[in-house]
Asker: 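Starting off with a structure, shown below.
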Amino acid sequence: MIIKTILKKNNEANLYRIQSYLAVLAMWLTQDIVLKFFFSKKIIEGKEFLNLLDGPIIIAPTHRSRWDGLILTFAIGRRVTNRDCRFMVTTPEMKGLQGWFLKRLGCFSINQESPSLSSLRYAVELIFSKNQLVIFPEGKITKNSKKLKLKQGLFRLARLARKKGEPIKIVPIGIAYENVKPKFRDSFAIFIEKPLNLDDFYNSSVDDFNLYLKSRIQKAEEKALKRVGRNLDDQLE
């Protein structure tokens, strides 16, 4: 039984381990070529908050486009913070050719309605590793931030992890593009807010925490939108 458990954990680790050769190739292709030529201007503010953090952190960004993961890695990934961004994504995103690449780049899926013990355990391990666990609190891409609704998974996972280790910081991030649907040679902006200390919400309910986190990431998004000449009223219904 013990051997089976060890083998299972090893298989899970291998399943989600970053393939170094593929990661180097992907970083060169996306950051040095695709992002460089697709976007004309890249605005990133608040990186000093991340530079002050050395313990477990969870990145909590808005989710407006499929570009979000790429520009987050560009703004706060290994080249900038010496920490990899490890993304928690939905199960459908891990299917097919896209899923094959995402797995080998360190992404992993989780069933938000009924998460498995293995995926929860792996997420907790990532939180306490030298990585940045990125969880989109909305759970999916949403175009209208005025109707922003956060899932309960981030807070529950963070509290589960807190029981097993040291204090955890949660970093609200707002992402904005010059157009709702990013176009060639558009600008993008990322605004990083001051991190939240999970321990400050020890007696809070999931709803209370989500209400506060929602206000913080919306505030960050408003600042990011201003940097690209837009406002919240520009969001689609």
Side-chain angles (χ1 to χ4, degrees), residues 4-27 29-30 56-78 83-143 148-165 168 170-173 175 198 206 209-210 213 217:
K4 286 184 178 180
T5 301
I6 293 174
L7 288 175
K8 183 178 180 181
K9 289 184 177 181
N10 287 337
N11 287 335
E12 290 166 0
N14 289 329
L15 177 63
Y16 298 119
R17 181 178 296 161
I18 292 177
Q19 300 293 321
S20 57
Y21 69 92
L22 189 59
V24 170
L25 176 62
M27 185 176 294
L29 179 63
T30 58
I57 62 174
I58 296 175
I59 305 296
T62 52
H63 203 8
R64 302 286 169 262
S65 167
R66 290 188 180 274
W67 286 100
D68 294 346
L70 293 181
I71 69 171
L72 277 170
T73 302
F74 172 83
I76 65 172
R78 173 160 293 279
R83 293 191 185 200
D84 288 313
C85 289
R86 304 295 295 270
F87 291 85
M88 179 185 288
V89 300
T90 59
T91 301
E93 292 177 281
M94 296 296 276
K95 294 181 179 180
L97 182 61
Q98 173 179 284
W100 187 90
F101 277 104
L102 290 178
K103 286 178 182 178
R104 285 154 182 80
L105 292 175
C107 299
F108 68 102
S109 63
I110 187 167
N111 185 327
Q112 297 182 39
E113 302 301 326
S114 180
S116 67
L117 290 177
S118 61
S119 59
L120 287 174
R121 182 171 60 245
Y122 184 72
V124 170
E125 290 175 357
L126 282 180
I127 291 174
F128 291 109
S129 66
K130 296 287 185 178
N131 295 283
Q132 301 172 115
L133 179 59
V134 182
I135 302 177
F136 294 104
E138 299 157 81
K140 61 180 181 179
I141 295 174
T142 53
K143 301 296 184 181
L148 188 63
K149 185 176 181 181
L150 306 188
K151 301 289 186 180
Q152 298 183 351
L154 187 152
F155 186 56
R156 289 179 171 173
L157 176 61
R159 293 191 70 170
L160 175 63
R162 181 64 182 95
K163 294 178 181 179
K164 299 178 180 295
I168 296 169
I170 299 169
V171 186
I173 293 182
I175 301 174
L198 181 66
V206 175
F209 173 80
N210 275 353
L213 179 60
I217 63 176

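The residues of the chain are indexed from 1 along the displayed sequence.
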Asker: Among residues at least two apart in sequence or on other chains, which ones pass side-chain contact (heavy atoms from CB on, under 4.5 Å) with T30?
Answerer: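 Result, side-chain contact (heavy atoms from CB on, under 4.5 Å) vs T30: L70.
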
Asker: Quick one: closest heavy-atom pair of K164 and F128, and the distance?
Answerer: C-CZ, 4.4 Å

Asker: Is R83 close to N131 at the side-chain level, that is, under 4.5 Å between some pair of heavy atoms?
Answerer: no

Asker: Looking at every non-hydrogen atom in both residues, tell me the closest pair between I76 and C85 and how far apart they are.
Answerer: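 Heavy atoms only, the tightest pair is CG1-SG, 3.8 Å.
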
Asker: Do L133 and F87 have side-chain heavy atoms sitting under 4.5 Å apart?
Answerer: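 Sidechains of F87 and L133: no contact.
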
Asker: Taking the side chain as C-beta and beyond, is there a heavy-atom pair between M27 and F74 under 4.5 Å?
Answerer: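 M27 does not reach F74 side chain to side chain.
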
Asker: The criterion is salt bridge (charged side-chain N to carboxylate O under 4.0 Å, His left out); which residues satisfy it with R162, sequence neighbours excluded?
Answerer: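 Partners of R162 by the salt bridge (charged side-chain N to carboxylate O under 4.0 Å, His left out) criterion, ordered by chain and then number, come out as D199.
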
Asker: Which heavy-atom pair separates F108 from S119 by the least distance, and what is that distance?
Answerer: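 Nearest heavy atoms, F108 then S119: CE1-O, 4.1 Å.
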
Asker: Just to verify, what does F209 make a ring-ring contact (aromatic ring centres under 6.0 Å, His included) with, not counting sequence neighbours?
Answerer: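 Expected list: F155, F201.
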
Asker: If you compare all heavy atoms of M88 against all heavy atoms of A123, which two are closest, and at what distance to 0.1 Å?
Answerer: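 Heavy atoms only, the tightest pair is CE-CB, 4.0 Å.
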
Asker: I170 and P172: which non-hydrogen atoms are nearest, and at how many Å?
Answerer: O-CD, 3.3 Å

Asker: Apply side chain to side chain contact (heavy atoms under 4.5 Å, CB included) to residues Q132 and I57 and explain how you reach the verdict.
Answerer: CA-CA 6 Å; Q132 301 172 115; I57 62 174; 3.7 Å; yes

Asker: My understanding is that only residues two or more places apart in sequence, or in another chain, count here; which of them pass ring-ring contact (aromatic ring centres under 6.0 Å, His included) with F136?
Answerer: H63

Asker: Among residues at least two apart in sequence or on other chains, which ones pass side chain to side chain donor-acceptor pair (under 3.5 Å) with R159?
Answerer: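 R159: no side chain to side chain donor-acceptor pair (under 3.5 Å) contacts found.
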
Asker: With a 4.5 Å limit on heavy-atom distance, are the side chains of I135 and I59 in contact?
Answerer: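 Heavy-atom side-chain distance check fails, nothing below 4.5 Å.
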
Asker: Any side-chain heavy atom of I127 within less than 4.5 Å of one from L157?
Answerer: yes

Asker: Would you indicate whether the side-chain heavy atoms of L72 and P61 approach each other to under 4.5 Å?
Answerer: yes

Asker: Say you draw a straight line from CD1 of I168 to CG of L160; how long is it, rounded to the nearest 0.5 Å?
Answerer: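 Reported to 0.5 Å precision, the distance equals 9.0 Å.
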
Asker: Is there side-chain contact between R64 and I175, with at least one heavy-atom pair below 4.5 Å?
Answerer: no

Asker: Going by side-chain contact (heavy atoms from CB on, under 4.5 Å), name the residues that satisfy it together with L150, two or more places apart in sequence or in a different chain.
Answerer: P137, E138, L148, N210, L213, K214, I217

Asker: For R78, what residues pass the salt bridge (charged side-chain N to carboxylate O under 4.0 Å, His left out) criterion, not counting sequence neighbours?
Answerer: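 So R78 forms a salt bridge (charged side-chain N to carboxylate O under 4.0 Å, His left out) with D84.
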
